There are 2 protein chains.
Amino acid sequence: MRQIENMFSKSCEYGLKAVIYIASQSLEGKRIKIDDIAEKAGSPRAFTAKILGTLTKFNIINSLKGPYGGFDIEIKRMKEIKISEIVFAIDGDSIYNGCALGLTECNAQEPCPMHENFVQIREELKKMLETTTIFELATKFNSGESILVRKDRIAS
Amino acid sequence: MRQIENMFSKSCEYGLKAVIYIASQSLEGKRIKIDDIAEKAGSPRAFTAKILGTLTKFNIINSLKGPYGGFDIEIKRMKEIKISEIVFAIDGDSIYNGCALGLTECNAQEPCPMHENFVQIREELKKMLETTTIFELATKFNSGESILVRKDRIAS
DNA sequence: ATTATTTCAGACAAATTTATCTTAATATAA
DNA sequence: TTATATTAAGATAAATTTGTCTGAAATAAT
């Protein structure tokens with residue numbers, strides 16, 4: 001049974017990690033291949049590739065086939081893109097109108113018993129996702145302030 | 001692909017709704033049967049029954065077999081039980097130590113790129129889950145201030 | 001004791017999510 | 001234009017979550 005700790009689906013986790021890594025490399029002028037992404041992000045290669053396909057269609061990242069191909073993001077673009085856009089691309093819409101108890105609709109007029117308790121938390125979550133850019137995350141990662149895989153999980 | 005909106009697993013949703021309904025009936029001195037719970041909470045009967053088995057083992061609710069049997073909760077108990085305990089019983093431990101990007105461990109020393117962004121939100125979520133009692137939720141439901149199913153989804 | 005009513009337990013099934021594999025399409029370089 | 005390197009796409013498979021069914025166990029009333 002799933003844990004609440006899993007804020008995002010695996011698809012989203014892989015997508016976010018991949019984009020952060022691609023951006024971090026683009027910041028250094030490098031286009032990067034799926035194998036490298038999968039390794040550095042500690043994610044399954046084929047599954048990640050499929051997710052990157054989606055993100056490419058949504059114009060969140062660029063892809064180029066063939067030798068010297070791979071993925072990248074313009075710096076301008078990574079300053080525009082928010083976490084919420086990636087989540088939207090991968091997990092679809094209806095990101096914020098969900099109900100903790102699964103009501104098809106849940107609002108102040110006809111709330112589930114937990115609605116009020118979640119209002120503030122949801123609001124903050126939404127704000128955070130919609131204001132945090134990939135540039136911020138990639139910069140933090142590049143400076144070594146954060147990591148994408150535990151050292152003991154990187155293939156050597 | 002799963003939505004972030006699904007704060008809880010279906011198991012948790014059903015468990016929470018069932019407990020709230022059982023409590024609301026116990027407040028009125030009524031022991032209540034699984035069929036009634038499933039109907040009033042708009043949840044699948046057999047699946048809900050299984051979850052109630054778990055909650056019974058965790059002493060969150062009482063069950064009684066046979067005629068005049070069913071489920072209930074002492075008022076004293078529903079004032080003690082917090083949402084977090086139900087989530088724990090159904091989805092297990094490691095409720096709060098999860099990482100948004102799936103790191104096996106994620107903390108201020110070695111954070112994922114999104115760690116900082118989630119600290120406050122997680123803290124609030126935790127606080128809310130650990131302070132809200134079933135009594136509060138059941139009372140609110142009993143007074144008609146909140147609902148467990150959309151009217152258009154109740155079997156008539 | 002027997003019968004009816006209920007939860008309990010475990011096997012089974014369906015749906016969804018996660019993951020892999022294989023082939024096609026595309027781009028580069030020589 | 002051929003060979004090579006790469007992503008794209010789609011079929012398939014495995015794992016997990018969600019859901020059902022059937023019979024057993026327990027309880028109460030007669």
Side-chain angles (χ1 to χ4, degrees), chain A residues 1-19 22 25 30-39 41-73 87 90-92 101-102, chain B residues 1-19 22 25 30-39 41-73 87 90-92 101-102:
Chain A
M1 297 178 177
R2 198 229 314 158
Q3 270 79 1
I4 194 178
E5 62 179 294
N6 302 140
M7 190 73 71
F8 300 115
S9 64
K10 281 294 170 196
S11 298
C12 249
E13 281 181 17
Y14 299 155
L16 286 165
K17 289 205 286 185
V19 172
I22 293 167
Q25 294 309 102
K30 294 179 194 155
R31 179 177 293 132
I32 202 76
K33 288 183 256 305
I34 180 64
D35 298 85
D36 192 22
I37 296 168
E39 186 201 331
S43 308
R45 194 205 109 109
F47 195 32
T48 301
K50 186 168 291 183
I51 294 162
L52 291 187
T54 302
L55 295 176
T56 299
K57 285 200 199 99
F58 272 80
N59 273 298
I60 286 169
I61 54 178
N62 306 122
S63 78
L64 184 64
K65 291 177 186 171
Y68 301 86
F71 299 89
D72 65 13
I73 315 183
V87 174
I90 297 172
D91 278 349
L101 295 184
Chain B
M1 296 176 178
R2 197 230 315 161
Q3 271 80 359
I4 196 177
E5 63 181 290
N6 302 139
M7 190 75 70
F8 299 115
S9 63
K10 281 294 168 196
S11 298
C12 249
E13 281 181 19
Y14 299 155
L16 286 165
K17 289 205 286 185
V19 171
I22 293 167
Q25 294 309 102
K30 294 178 196 156
R31 179 178 294 132
I32 203 74
K33 286 182 257 305
I34 180 64
D35 298 84
D36 192 23
I37 295 168
E39 186 202 333
S43 308
R45 195 205 107 110
F47 196 31
T48 301
K50 185 169 295 187
I51 294 161
L52 291 187
T54 301
L55 295 176
T56 299
K57 285 199 199 100
F58 272 79
N59 272 298
I60 287 169
I61 55 178
N62 306 123
S63 78
L64 184 65
K65 291 176 187 173
Y68 301 86
F71 298 90
D72 65 13
I73 315 184
V87 174
I90 297 173
D91 277 349
L101 295 184

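The basis for the numbers below is simple: all heavy atoms, side chains too, and nothing from hydrogens, waters or symmetry mates. Quick note on labels: first sequence line is chain A, next is B, and so on, each numbered from 1. Fair warning: this is a prediction, and the values are worked out from it, not measured in the lab.
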K.L.:
Once you apply a heavy-atom cut-off of 4.0 Å, does B:Leu52 come out as touching a base, just sugar-phosphate, or nothing?
P.N.:
nothing
K.L.:
If you compare every side-chain N and O of A:Tyr14 against the phosphate oxygens of C:dA19 (OP1, OP2), does one of them come in below 4.0 Å?
P.N.:
yes
K.L.:
Under 4.0 Å from OP1 or OP2 of C:dT6: is there any side-chain N or O of B:Lys33 that close?
P.N.:
yes
K.L.:
Report the distance from atom CD1 of A:Ile51 to atom P of D:dA9, rounded to the nearest whole Å.
P.N.:
15 Å
K.L.:
How long is the line joining NZ of A:Lys10 and C1' of D:dT16, in whole Å?
P.N.:
12 Å
K.L.:
Does C:dT18 have its OP1 or OP2 closer than 4.0 Å to a side-chain nitrogen or oxygen of A:Ser11?
P.N.:
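Indeed, a polar side-chain atom of A:Ser11 lies that close.
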K.L.:
So how far is it from A:Ile61 CD1 to A:Ile73 CD1, rounded to the nearest 0.5 Å?
P.N.:
6.5 Å
K.L.:
Measure from CZ on A:Arg31 to P on D:dT7 and round the result to the nearest Å.
P.N.:
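To the nearest whole Å, that distance equals 10 Å.
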K.L.:
Let me know the distance between CD1 of B:Ile90 and C1' of D:dG19, rounded to the nearest Å.
P.N.:
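My rounded result for the distance is 15 Å.
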K.L.:
Sub-3.5 Å donor-acceptor pair from the side chain of B:Arg31 to the main-chain atoms of B:Tyr68, do we have one?
P.N.:
yes
K.L.:
Could you tell me whether the phosphate oxygens of C:dT7, OP1 or OP2, come under 4.0 Å of any side-chain nitrogen or oxygen in B:Thr56?
P.N.:
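For C:dT7, neither OP1 nor OP2 has a side-chain N or O of B:Thr56 closer than 4.0 Å.
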K.L.:
Check B:Thr48 against B:Ala18 and note the closest heavy-atom contact, atom names and distance.
P.N.:
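For B:Thr48 versus B:Ala18, the nearest heavy atoms are CG2-CB, 4.2 Å.
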K.L.:
Below 4.0 angstrom from OP1 or OP2 of C:dT7, is there any side-chain N or O of B:Lys57?
P.N.:
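No, because none of the side-chain N or O atoms of B:Lys57 sits under 4.0 Å from OP1 or OP2 of C:dT7.
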K.L.:
Tell me: CG of A:Asp36 to P of D:dT6, nearest whole Å?
P.N.:
11 Å
K.L.:
Please report how far the helix from C:dA1-D:dT30 to C:dA30-D:dT1 bends, comparing the axis fitted to its first five pairs with the axis fitted to its last five, to the nearest 10 degrees.
P.N.:
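Terminal axis comparison yields 10°.
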K.L.:
Taking side chain to side chain contact (heavy atoms under 4.5 Å, CB included) as the definition, give me every residue that meets it alongside A:Asn62, ordered by chain and number, with sequence neighbours left out.
P.N.:
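Partners of A:Asn62 under the side chain to side chain contact (heavy atoms under 4.5 Å, CB included) test: A:Asp72, A:Glu74.
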K.L.:
For the residue pair B:Tyr14 and B:Ile90, establish whether any side-chain heavy-atom pair is separated by less than 4.5 Å.
P.N.:
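They are not in contact (no side-chain heavy atoms under 4.5 Å apart), so the answer is no.
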K.L.:
Output the rounded distance in Å from CG (A:Asp91) to P (C:dT17).
P.N.:
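Distance, rounded to whole Å: 9 Å.
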K.L.:
Just how far, in rounded Å, is C1' of D:dT6 from CG of A:Asn62?
P.N.:
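Computing the A:Asn62:CG to D:dT6:C1' distance gives 16 Å.
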K.L.:
Rounded to the nearest 0.5 Å, what separation is found between the CG atom of B:Leu16 and the CE atom of B:Met7?
P.N.:
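These two atoms lie 12.0 Å from each other.
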K.L.:
Which atoms form the tightest heavy-atom contact between B:Cys12 and B:Asp91, and what is the distance?
P.N.:
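Closest approach of B:Cys12 to B:Asp91, heavy atoms only: SG-OD2, 3.5 Å.
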K.L.:
Locate the shortest heavy-atom distance separating A:Lys17 from A:Ser43; write the atom from each residue and the value.
P.N.:
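The answer is CE-OG, 3.8 Å.
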K.L.:
Could you encode protein contacts along nucleotides 20-30 of chain C as a string, one character per nucleotide from 5' to 3', using B for base contact, S for sugar-phosphate-only contact and - for no contact, with a heavy-atom cut-off of under 4.0 Å?
P.N.:
BB---BBBBS-
K.L.:
In whole Å, I'd like the distance from the CD1 atom of B:Ile34 to the P atom of D:dA25.
P.N.:
21 Å
K.L.:
Give me the atom names and distance for the closest heavy-atom approach of A:Gly15 to A:Ile51.
P.N.:
CA-CG2, 3.8 Å
